[in-house]
Novice: 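Submitted below is the structure of interest, expressed as structure tokens.
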Amino acid sequence: MKKHSGKVLIAAPVHHLLIEGLQEAGYECVMKEHITQDIAPELVKDCVGIITSTRLQLNKALLNEASQLRWVGRMGSGMEIIDTGYAAVKGIKCFSSPEGNSNAVAEHALGMLLGLMKRIAWSNEEVKKGLWLREENRGSELEGKTIGIIGYGNTGAAFAKKLQGFDVRILAYDKYKPGNIPAHIVNCKNLTPIYEEADIVSFHVPMQEDTIHYLNDIFITNMCKGFIVINTSRGIVADTRVLWTGLQSGKIKGACLDVWEQEPIEKMNKDLLELFKQTVSLPQVIMTPHIAGYSHEALYKMSTVLLYKIINA
């Protein structure tokens, strides 16, 4: 193994194997899992590497403070927290690890979808309150449905794999990597087949300029059928007000949401907080606190993936 040297800031929860692996390679690891943006400039000054998740925004200003920085490792996916363009200019390599939590996200999306269609979460709460309502909780089957997957990267592909045992028809659209879609899945050249045929739409896209408010008025108007929406990507992918309007009208028949336009609850502005409370109170909505990729196994897998990429770069 090539020997490395220098200080690495660990600014995220990681598996101990990542720390041990970096130390074995010659790095000195400094643990600051609960770092804040305010104290980061002083801590990064002499670092050659940074491991982060969502806690730090590695913007131009912070990258300028890290004059010795050679690489950044992102636990998970979503490189919007790093100014990758500026990092490239400065010769800083950026690594992500979406391979590590894609299975966790896929399982979570499927779990929410089944929970919604079978009314599991809602009826469970009713039973706990002493209600035994059968007809009111008659569920729907996944078999025979058409599912549109938007974004066929690591998580989109993992979700498609989970769905294959349910006798569903899968449509996939990826603007940037259409060649990744296998032959047994309908490779959509544009969104038209999803608009015309999908009963369920699942978003697996990164946060970037062309995915902000992907789910908007035009998208919902173009959908020919009432549909269920799944969003385990980023909250800003869905226009929250449009989502609420769609749920109220019935055009959106249900929503499985692991993300929200502003997170966490204490950071929501007054209007979005009110919409959040109204939305999560609906029986056709399942909401979780951005935990889809947050499994114990994913922590290990992401750490393993990052260690390999960093050491072998």
Side-chain angles (χ1 to χ4, degrees), residues 101-151 155-171 194 198-204 215 220 223 225-235 237-238 240 243-261 263-265 275-299:
N101 67 353
S102 57
N103 181 72
V105 174
E107 287 188 0
H108 194 91
L110 180 57
M112 286 198 297
L113 179 59
L114 291 172
L116 179 71
M117 295 182 70
K118 301 296 185 182
R119 297 182 59 84
I120 293 171
W122 195 259
S123 59
N124 172 62
E125 290 302 312
E126 290 176 342
V127 170
K128 289 180 178 180
K129 295 174 183 177
L131 301 173
W132 194 267
L133 305 175
R134 298 186 67 217
E135 183 60 35
E136 294 87 342
N137 286 303
R138 189 183 292 274
S140 300
E141 296 183 19
L142 192 53
E143 182 181 62
K145 300 297 188 295
T146 297
I147 301 178
I149 296 177
I150 299 178
T155 57
F159 186 49
K161 182 179 179 181
K162 302 298 177 193
L163 290 168
Q164 285 171 24
F166 286 87
D167 294 325
V168 296
R169 185 165 180 259
I170 302 174
L171 314 176
I194 291 175
D199 302 293
I200 299 158
V201 176
S202 189
F203 289 95
H204 300 273
L215 180 71
I220 292 179
M223 289 295 293
K225 298 190 277 187
F227 67 103
I228 293 171
V229 61
I230 306 170
N231 187 12
T232 54
S233 56
R234 291 292 182 266
V237 168
T240 303
L243 176 68
W244 169 252
T245 302
L247 286 163
Q248 290 297 103
S249 70
K251 187 63 179 287
I252 298 179
K253 297 167 65 176
C256 303
L257 308 171
D258 183 54
V259 288
W260 193 252
E261 200 161 350
E263 301 174 19
I265 292 174
L275 269 178
F276 174 80
K277 291 177 179 178
Q278 293 173 345
T279 302
V280 298
S281 71
L282 297 174
Q284 67 270 39
V285 173
I286 291 182
M287 179 88 205
T288 53
H290 206 151
I291 57 170
Y294 214 62
S295 69
H296 296 288
E297 293 83 357
L299 189 71

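Just the heavy atoms: all of them, side chains too, but no hydrogens, waters or symmetry mates, feed the values below.
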Novice: Find the distance between OG (Ser249) and CD1 (Ile220) and round it off to the nearest 0.5 Å.
Specialist: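 So the gap between those two atoms works out to 7.0 Å.
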Novice: In chain order, what residues pass the side-chain hydrogen bond (donor to acceptor under 3.5 Å, both in side chains) check against Ser140, with sequence neighbours excluded?
Specialist: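 Once residues adjacent in sequence are excluded, Ser140 has no partner under the side-chain hydrogen bond (donor to acceptor under 3.5 Å, both in side chains) criterion.
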Novice: Walk me through it: do Glu107 and Lys162 pass the test side-chain contact (heavy atoms from CB on, under 4.5 Å)?
Specialist: CA-CA 7 Å; Glu107 287 188 0; Lys162 302 298 177 193; 3.9 Å; yes
Novice: Kindly compute the distance separating CG (Asn103) from OG1 (Thr155), expressed to the nearest 0.5 Å.
Specialist: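 OG1 of Thr155 is found 11.0 Å from CG of Asn103.
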Novice: Give, for atom CD1 of Ile170 and atom CD1 of Ile147, the distance between the pair rounded to the nearest 0.5 Å.
Specialist: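 With rounding to 0.5 Å, CD1 (Ile170) is 6.5 Å from CD1 (Ile147).
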Novice: Heavy-atom count check: over 12 atoms from other residues, nucleotides or ligands less than 6.0 Å from Glu141 CD?
Specialist: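 It does not: Glu141 CD has 12 such atoms or fewer within range.
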Novice: To the nearest 0.5 Å, what is the distance between CZ on Phe203 and OG1 on Thr232?
Specialist: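 It comes to 10.5 Å.
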Novice: Working note: Leu243 + Leu257, criterion side-chain contact (heavy atoms from CB on, under 4.5 Å); need CA distance, chi angles, decisive distance, verdict.
Specialist: CA-CA 11 Å; Leu243 176 68; Leu257 308 171; 3.7 Å; yes
Novice: Under the criterion side-chain contact (heavy atoms from CB on, under 4.5 Å), I'd like the reasoning laid out for Leu275 against Glu261: C-alpha separation, chi angles, the key distance, then a yes or no.
Specialist: CA-CA 11 Å; Leu275 269 178; Glu261 200 161 350; over 6 Å; no
Novice: For the NZ atom of Lys161 and the CG atom of Leu110, what is their distance to the nearest 0.5 Å?
Specialist: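 That separation rounds to 13.5 Å.
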Novice: Give me the atom names and distance for the closest heavy-atom approach of Val168 to Leu142.
Specialist: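 Looking at all heavy atoms of both residues, the shortest contact is CG1-O, 3.2 Å.
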Novice: For Asn137, check side chain to side chain contact (heavy atoms under 4.5 Å, CB included) against everything at least two apart and list the hits.
Specialist: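 Counting only residues at least two positions away or on another chain, Asn137 forms a side chain to side chain contact (heavy atoms under 4.5 Å, CB included) with Arg119, Trp122, Ser123, Glu126, Leu133.
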Novice: Flag yes if more than 12 heavy atoms outside Lys253 fall under 6.0 Å of its NZ atom; otherwise flag no.
Specialist: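 Open: at most 12 neighbouring heavy atoms sit under 6.0 Å from NZ of Lys253.
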Novice: When rounded to the nearest 0.5 angstrom, what is the spacing between OG in Ser233 and CG in Asp258?
Specialist: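 So the OG of Ser233 and the CG of Asp258 are separated by 9.5 Å.
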Novice: Please report the shortest heavy-atom distance between Leu116 and Ile286, naming the atom on each side.
Specialist: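 The answer is N-CD1, 3.3 Å.
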Novice: For a quick check under 3.5 Å, do Thr288 and His108 share a side-chain donor-acceptor pair by atom type?
Specialist: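 Present: a donor and an acceptor within the cut-off.
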Novice: Would you say Lys225 has more than 12 foreign heavy atoms packed within less than 6.0 Å of its NZ?
Specialist: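 More than 12 within 6.0 Å, yes.
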Novice: Quick one: closest heavy-atom pair of Ser295 and Ala104, and the distance?
Specialist: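 In this case the closest contact between Ser295 and Ala104 is OG-CB, 3.6 Å.
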Novice: Ala158 and Ser102: which non-hydrogen atoms are nearest, and at how many Å?
Specialist: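 Scanning both residues completely, I find the closest heavy atoms to be CB-O, 3.6 Å.
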Novice: Can you find a pair of side-chain heavy atoms, one from Leu215 and one from Val237, that are under 4.5 Å apart?
Specialist: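 Leu215 vs Val237: side chains apart.
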Novice: Are any side-chain N or O atoms of Asp199 and backbone N or O atoms of Lys145, one a donor and one an acceptor, separated by less than 3.5 Å?
Specialist: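 Checked: no pair found.
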Novice: In this structure, are over 12 heavy atoms from other groups packed under 6.0 Å from Lys251 atom NZ?
Specialist: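 It does: Lys251 NZ has more than 12 such atoms within range.
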Novice: Does the side chain of Met117 come within less than 4.5 Å of Ile228's, by heavy atoms?
Specialist: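 Answer yes - side chains close enough.
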Novice: The test is side-chain contact (heavy atoms from CB on, under 4.5 Å); show your working for Asp167 and Glu143 and say whether it passes.
Specialist: CA-CA 5 Å; Asp167 294 325; Glu143 182 181 62; 3.4 Å; yes
Novice: Between Leu114 and Ile120, what is the shortest heavy-atom contact and its length?
Specialist: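 For Leu114 versus Ile120, the nearest heavy atoms are O-CD1, 4.1 Å.
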Novice: Tell me the closest heavy-atom pair linking Trp260 and Met287, and the distance in Å.
Specialist: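 Smallest interatomic distance, heavy atoms only, reads CB-CE, 4.0 Å.
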Novice: Would you call the rings of Phe159 and His204 parallel, tilted or perpendicular if under 30° counts as parallel and over 60° as perpendicular?
Specialist: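 Ring orientation, 0 to 90° scale: tilted.
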